[in-house]
K.L.:
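Quick one: structure below, then a few questions.
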Amino acid sequence: MEHPKKPEPHVRDPHPRDTGGPAQPMLIARDVKKHFPIHAGLLNRQVAEVKAVDGVSFSVMKGETLGVVGESGCGKSTLARLLMHLMDKDEGEIILDGLSVGTYQGMPLQDLRRSMQMVFQDSYSSLNPRLTVEDSVAYGPSKQPGISKKKAREIARDILEKVGLRPSLFGARYPHELSGGQKQRVNIARALALDPRMLILDEAVSALDKSVEAQVLNLLNALKAQLDLTYVFISHDLHVVHYISDRVLVMYLGQVVEIGPVDRIYADPRHPYTRALLDCQLSMHPDDRVEQAPLAGDPPNPVNPPSGCRFHPRCPFAEEICSSKMPELGDTLRAGRDQHLTACFMAQPNSGHSKAPTQAELLKRSAAAPAPMEA
Amino acid sequence: MTDATSDPITLNQEADLPQAVVRGYWASVWNRLKYDYVTLFCLVLIVLIVLSAVFAPWLAPFDPEKSSMANRLKPVGYKEYLLGTDEQGRDILSRILYGGRTSLAMGILPVAFGTLIGGLFGIIAGYYGGRVNMIIMRTMDVFFAFPSVLLAVAISGSLGGGLQNQLASLTIVFIPPLCRVAETAASQVRTMDFVDAARASGASTFSILKDHVLITVISPVLVYASTLVSASILLASGLSFLGLGVSPPTPDWGLMLSTLRQSIWVQPLVCAIPGIAILITSIAFNIVSDGLRVAMDVKS
Amino acid sequence: MWIYALRRLILTIPILLGVTIICFLLVQIAPGDPIQSLLPPDASEADAAALRAYYGLDKPLVIQYAVWLGKVLTGDLGMSIQVDAPVAEEVGRAFANTITLALLAVALAFIVSMILGVIAAYKSGTWIDKLFTSVAVFGISVPTFWLGVVLVIIFAVELNWLPAAGMGSSGSEHFSYLRWEDFKFAIMPMIALALPPLGIMTRTTRSSVEEVLNQDFVQTLRAKGLGEAAVLRHAVKNAMPQIIAMLGLQLGYLIGGSVLVEMVFNWPGTGYLLNKAILSRDLPVLQGTILVLATSFVMINLLIDLAQSIIDPRIKRS
């Protein structure tokens, strides 16, 4: 796969709605948790809970694209909905440009809606089949205080033009009269209609054909530069994440197992799960064909996650310590954006795992890794 | 990846899609309906029946409540009595025309009220889910334990006769099924991404219910409601037949049938006429609602 | 299977409880004060209060309901105001007449609708199909009480073949369906009652048989050289569970819905009893009859559901 040039994250003039300054991350998630209770039996009692998102922390810098990868069911989509406040989190804090969302002194939910928007996967349910394209895009703005219906329509037509859909041609169409790529452009337009500073893209290109996918990815990159946006890009497709992201976060069963700059993760994955995921990618080269599936079995049931490291039942290097102790990821919030963190005993010196590196090896390894991108 | 060097924003959008005729949902429904001649015929029939009931004062040759002892139980075509007279010498044709007013009203009003109330409960139950859903739907289940005729007779029977009571009991009969249809549709809408997108854009729950849920729920509910009109006409005339409807001098098809029943040995044909009016109206509504259901099925 | 049966059984209990609540409330929503009608016009307030206390009507509604429910569970449905007999006795006698008539009507509807439905499905799109479908629409749309009147006009008034009403001179106690002289009385009510379920079941049979006929395995059967009659037998067998389900539902509706037909033919069943109770405002009889009919409707549905899960193991319901 050939990667066209990636727009560099650059320092710009601060956004007019900027509150925290250029060094303040656009988004900080601190120890976010969401557990779903499971009811069963004749009396419908709670018998267990699914730990969909279990203590996730990360930050996203301004102008950056953070890729989030993981198998289906690892909690990616729940995380997206928590960040968007479509779902109430059980624990944790979400800070947008220095302001804690939904707290007494922080940012009210209505302001969050204007600053952060979400692009959904293209599916039959992403657009209301009874609304025209223009109505769908104008809906968000029309619900904002002080924006008339007429003004909302103007905004919608303007945004449709920006995402490459001529309003005179597409504005009056219904979703069933659009192709997949066009529908996804409408989804993007709808998210941009409120002039957000940040987009959460949940499997935004996953349902598209490869050629259409490339067009939409290019559109996203262009819009990012043009409108000074920050992305959280959630996908199970590692090629796409490699192409669009500056940093990558790998999730497994509701937890972050690895986080770091995209090139480092792809060149030198340290967590066996990340390695397995990368091995699963189909290569263009016939010599590099994978003979055996690197990941055996389904992900374990998130209702009763395994003890210790959650990956250990599927991990080829699992040792005793892996099932008794949970490996720490380290402080993702304190660490810089170039930092590569891994929640695996094999990556942590003196952890007790037989493959754990010594301090000296670790230093040598980080020196050999490709240099982090200049900020 | 293809075409990475070209301008990333504009793509050859015209080539992407054949020029589809842009057409709204209702336009496409009408497009299908206009070739269904049986349904169209029945639709015209319904319009005629409604018009003849509305304009009864101008169309009726006689006062429907004026009795004439000399002209009791005359056969069809006797003098100027086109459809004969009843046991009090009142003109059957005039009574049929006027009687259409109560009979049609009792076909449409209970279904309309049932749609409003049942639809509202169904949308609330479907959209909120959880405990709210359980309370509403389990209550509806209890009403489903009664066959519709029995429920109507039970409520009307204890409330007694009169139009308002008939309206109330029939409305209660139609709330549970309509509620169930609305609940199914609303609970499907609830899981759609476009509802989340609307919430993400800051729309209130009320706006979402109004702008997104209602618009999706309304067509299955209306299609279902249209199938109930005929049932409502039959039920209402049945209740009137039992004496649980309008009070006597007022004409009503069910009530006419009930009183004329005493005279079948004298004028059998005349006695059957009010039932024919009920039958034709009920068949017409049945066929139209069937045709509507087929035409509104978007998948075909 | 057994777990499903048990669950289904347990789920029936709250429904039945709900049914009793509605039946109890029927008397409460009735206009007029029951005490006033029992008192002489010159009775004092104290007399009224005493009588109210005697009947337990001064207690809160919930207590009244509990007392009433306790009596119902022991089979005591109160006393009829009109004939001064226990309601349970009256309803029991009438119920036997209703259920036999309903069973006969459903059997008739089942046989005829199977014939019409299967032929219509097999000849789908032809004039025969259209004719039989029209019969079905007629059955669904026809007011049964009017149909009853028309039947009486034709067969009793004009042709004088069948008796117009009632259960014959020997009365309902000595009525036997096996004796032609008696059975004659049941023919017209049976036909009038059978027509609406006949219409609905013809439709169901037609659509489910047609659906099976369009499936791939039927083509395979034909390709294997199976005769048309054998193909049809396969199709009907596959469509059967759905038809059976509809059959049960219709039986339930007939038991509750025979009020009007029974009235037209003076058939001494629950419907006739209900009608008398409505005319004379005999609320205990009204309440008791409704309770028995609704309960039997719930029980029939339960039985059908259980029978279905035995016949068709594919049906898994939660």
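Every chain is numbered from 1, with letters handed out A, B, ... down the list of sequences.
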K.L.:
Taking all non-hydrogen atoms of both residues, which atom of Ser126(A) and which atom of Phe194(B) are closest, and how far apart?
P.N.:
O-CB, 3.3 Å
K.L.:
With a 6.0 Å cut-off (strictly less than), is the heavy-atom count around NZ of Lys151(A), excluding the residue itself, greater than 12?
P.N.:
no
K.L.:
Which heavy-atom pair separates Phe120(A) from Asp196(B) by the least distance, and what is that distance?
P.N.:
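Minimum heavy-atom separation between Phe120(A) and Asp196(B): CZ-CB, 3.5 Å.
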K.L.:
Check Arg190(A) with Asp193(B), please: is the shortest side-chain N to carboxylate O separation under 4.0 Å?
P.N.:
no
K.L.:
Please state whether the side chain, the backbone, both or neither of Leu86(A) comes within less than 4.5 Å of a heavy atom of chain B.
P.N.:
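Both parts, backbone and side chain.
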K.L.:
With a 6.0 Å cut-off (strictly less than), is the heavy-atom count around OH of Tyr127(B), excluding the residue itself, greater than 12?
P.N.:
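Atom OH in Tyr127(B) is packed in, count exceeds 12.
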K.L.:
If you take all heavy atoms of Arg199(B) and Met87(A), which pair is closest and at what distance?
P.N.:
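Closest heavy-atom pair between Arg199(B) and Met87(A): NH2-N, 4.5 Å.
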K.L.:
Mind listing the closest non-hydrogen atom pair of Gln117(A) and Ala200(B) along with its distance?
P.N.:
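Here Gln117(A) and Ala200(B) meet closest at NE2-O, 2.9 Å.
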K.L.:
Rounded at 0.5 Å granularity, tell me how far CG in Leu131(A) sits from NE2 in His212(B).
P.N.:
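It is 6.0 Å, given to the nearest 0.5 Å.
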K.L.:
Might you point out which heavy atoms bring Arg130(A) and Ile215(B) nearest each other, and give the distance in Å?
P.N.:
NH1-O, 3.2 Å
K.L.:
Look at atom CZ of Phe143(B) and say whether more than 12 heavy atoms of other residues, nucleotides or ligands are closer to it than 6.0 Å.
P.N.:
no
K.L.:
With respect to chain A, which residue among Ala198(B), Ser207(B), Ser201(B) yields the maximal number of heavy-atom pairs within a distance under 4.5 Å?
P.N.:
Ser201(B)
K.L.:
If you check every heavy atom in residues 103-114 of chain B against those of chain A, which residues fall under 4.5 Å?
P.N.:
none
K.L.:
So what's closer than 4.5 Å to chain B heavy atoms on Arg114(A): side chain, backbone, both or neither?
P.N.:
neither
K.L.:
Would you say that Asp211(B) contacts Lys143(A) through its side chain, given a criterion of any heavy-atom pair below 4.5 Å between the two side chains?
P.N.:
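Asp211(B) reaches Lys143(A) side chain to side chain.
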